[in-house]
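So you know, we letter chains A, B, ... as the sequences are listed, proteins then strands, and number each from 1.
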Number of protein chains: 2
Amino acid sequence: MSDAEYVNIWMRPERPARGPKPTYSRAQITEAAVRIADAEGLEAATMRRIAAEIGAGAMSLYRYVPSRDDLIALVADRLMGEIDVEGMPSGDWRADLTRYATEVRAMWLRHPWIATVHRSLPGFGPNQLRLIERVMGALDAHVPIDENLGLMAILTGYVEGTVREEVSSAEELRRSGLSESEWMARSHPRIQQLVESGEYPIFTKIVMEAGRLHLSRDEQFRHGLERVLDCIAAALPSATGPESENPPNP
Amino acid sequence: MSDAEYVNIWMRPERPARGPKPTYSRAQITEAAVRIADAEGLEAATMRRIAAEIGAGAMSLYRYVPSRDDLIALVADRLMGEIDVEGMPSGDWRADLTRYATEVRAMWLRHPWIATVHRSLPGFGPNQLRLIERVMGALDAHVPIDENLGLMAILTGYVEGTVREEVSSAEELRRSGLSESEWMARSHPRIQQLVESGEYPIFTKIVMEAGRLHLSRDEQFRHGLERVLDCIAAALPSATGPESENPPNP
DNA sequence: CATAATCGCGTACGACGTACCCAGTGGAGG
DNA sequence: CCTCCACTGGGTACGTCGTACGCGATTATG
């Protein structure tokens, strides 16, 4: 009550002033967690396993991080650091948002297990903040801030929603320890049952089409993204107009 | 290996032919799980807790469900059953999709904890299939099936992405056992620190604006949804045209 | 009526996050 | 210089989780 009771993980100093020098570091621990999660999934990144990865005892991690949840918050921000938004806003909002969306998707595909960490309250980590500044900066010159938030919700909703679907199948497979062919073997009877019942014509159509989809996932994503950006463009006050009746930045 | 080895939860019959009559049922167990999750969050719905809720022993549940993961799959489909898509497709695709989106959001708000169950491989549950038929049926007359999938990805991406954000803050709060004011108390120093640093002008703008947002979350959602539907409309072959050059349903 | 399948469920195991404790260490105050 | 004590790493232990296994009781089928 009266003592420290730290508050936000980003406000808790990594190392106090006094005492012996710490052997490890938050960055090292976070990196180990990412490495394990990449290789074996996030649920394999237990405190004991992470500690072992860096050659520490399990309880030593708690000298650096107050709980596993806080460690995951660190990991999440570390992942956001992989998203390259250097030079944004560039003045070309469409190019900026395209790059951002592409970077986010690439990061998710590199670390599919973030699909399993439910987006939490804003963590206020440095990388998250950098993203906010750079990416929302792209539209900041064109719309007021609440409009900007609304449009970004559409964009990030689309990006995260679609890539989550791409990624969580793979995650689910790995988690269940099934190979893709094993999963198909298990699901096929059910699919066949549904198709043969004749009650699900659209589902059947999807199954039939699945064999010969002519667009790769990359192309599908880019195609949908273009549409979403068109949608955002339509909501922007036309830059070609002589004057905007709703000046965004007074 | 040689014996049953059931495959998909929906293909495993609830009750075999022989033996004594079961005391409970999948539906009863699923309902109990939903009840507990609504009241105390999904992580409180442990096997022991669910069993206690219906007055059974912990291990009895495994007579009905092969694992907790499968039970969650049952729960997920049960939630999809709450989404009312009766009478779809009605012929007015925009009305259908609006209703669907609104229903999905309402369901998420009733059961915020579904944000924590990562969307898995298609479970092929009856309610999920009903949704596919009804909702994708809305556009089926207008576009080929792969286009339909792409457009639905945009819609569901937006809906789930935005409502996930609405909901996961509340979930995170409950999970951490903090009240909203406690959370604010913990975060405020960090927010203040960031604002005062002067390095985050857009973040600062958001914080400032937060006090007087003039649109309710409902209105924000509807507003964004209209934009997404406009975006879908733009991708549809114009119904007013004399003939479509790409006949969707041969 | 005998048989075997299925019932509910008690016990037990190996994992998890982490509270608590203790011995060792090294910078600050004398 | 020595002394102190805030800090270090980490071992042990607790409560909880999902669930494997096996028991006696029950009941549809031969």
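Applying the salt bridge (charged side-chain N to carboxylate O under 4.0 Å, His left out) rule to A:R26 yields no partners; only residues at least two apart in sequence or on another chain are considered. Contacts of A:R110 classified as side chain to side chain donor-acceptor pair (under 3.5 Å), with partners at least two apart in sequence or in another chain: A:E82. Contacts of A:D38 classified as side chain to side chain donor-acceptor pair (under 3.5 Å), with partners at least two apart in sequence or in another chain: A:H111, A:W113. A search for side chain to side chain donor-acceptor pair (under 3.5 Å) contacts involving A:E133 returns nothing, not counting sequence neighbours. With sequence neighbours excluded, the residues satisfying salt bridge (charged side-chain N to carboxylate O under 4.0 Å, His left out) with B:E53 are B:R35, B:R49. B:F221 is linked by a ring-ring contact (aromatic ring centres under 6.0 Å, His included) to B:Y158, counting only residues two or more places apart in sequence or in another chain. Listed by chain and residue number, B:R190 satisfy the side chain to side chain donor-acceptor pair (under 3.5 Å) test with B:Q193 (two or more places apart in sequence, or in another chain).
Close to C:dT6, at under 4.0 Å from its OP1 or OP2, lies no side-chain N or O of B:Y64.
Along DNA chain D, the nucleotide closest to B:R63 and the one closest to B:S67 are compared, and the more 5′ of them pairs with B:S67. Of the two residues near DNA chain D, B:P66 and B:K21, the one whose nearest nucleotide lies more 5' is B:P66.
In this entry the distance linking CG of B:L61 with P of C:dC7 reads 13 Å, nearest Å. Following rounding to the nearest Å, B:Q28 (CD) and C:dG8 (C1') show an atom-to-atom distance of 13 Å. Atoms CZ (B:R26) and P (C:dC7) sit 11 Å apart, rounded to a whole Å. Rounded to whole Å, atom C1' of C:dC21 lies 16 Å from atom OH of A:Y62. Distance B:I29 CD1 to C:dG8 C1': 12 Å, rounded to the nearest Å.
A:R68 comes within 4.0 angstrom of the backbone, heavy atoms only, and of no base.
Using a distance-only test at 3.5 Å, with no hydrogens or angles considered, no donor-acceptor pair links the side chain of A:N127 to the main chain of A:L79. For the pair A:D70 (side chain) and A:V65 (backbone), a donor-acceptor distance under 3.5 Å is absent.
Taking the screw axis at each terminus of the helix from C:dC1-D:dG30 to C:dG30-D:dC1 from five consecutive base pairs, the angle between the two is 10° to within rounding of 10 degrees.
Taking every heavy atom of residues 30-60 of chain B and every atom of DNA chain C, pairs under 4.0 Å involve B:R48, B:A56, B:G57, B:M59, B:S60, by number.
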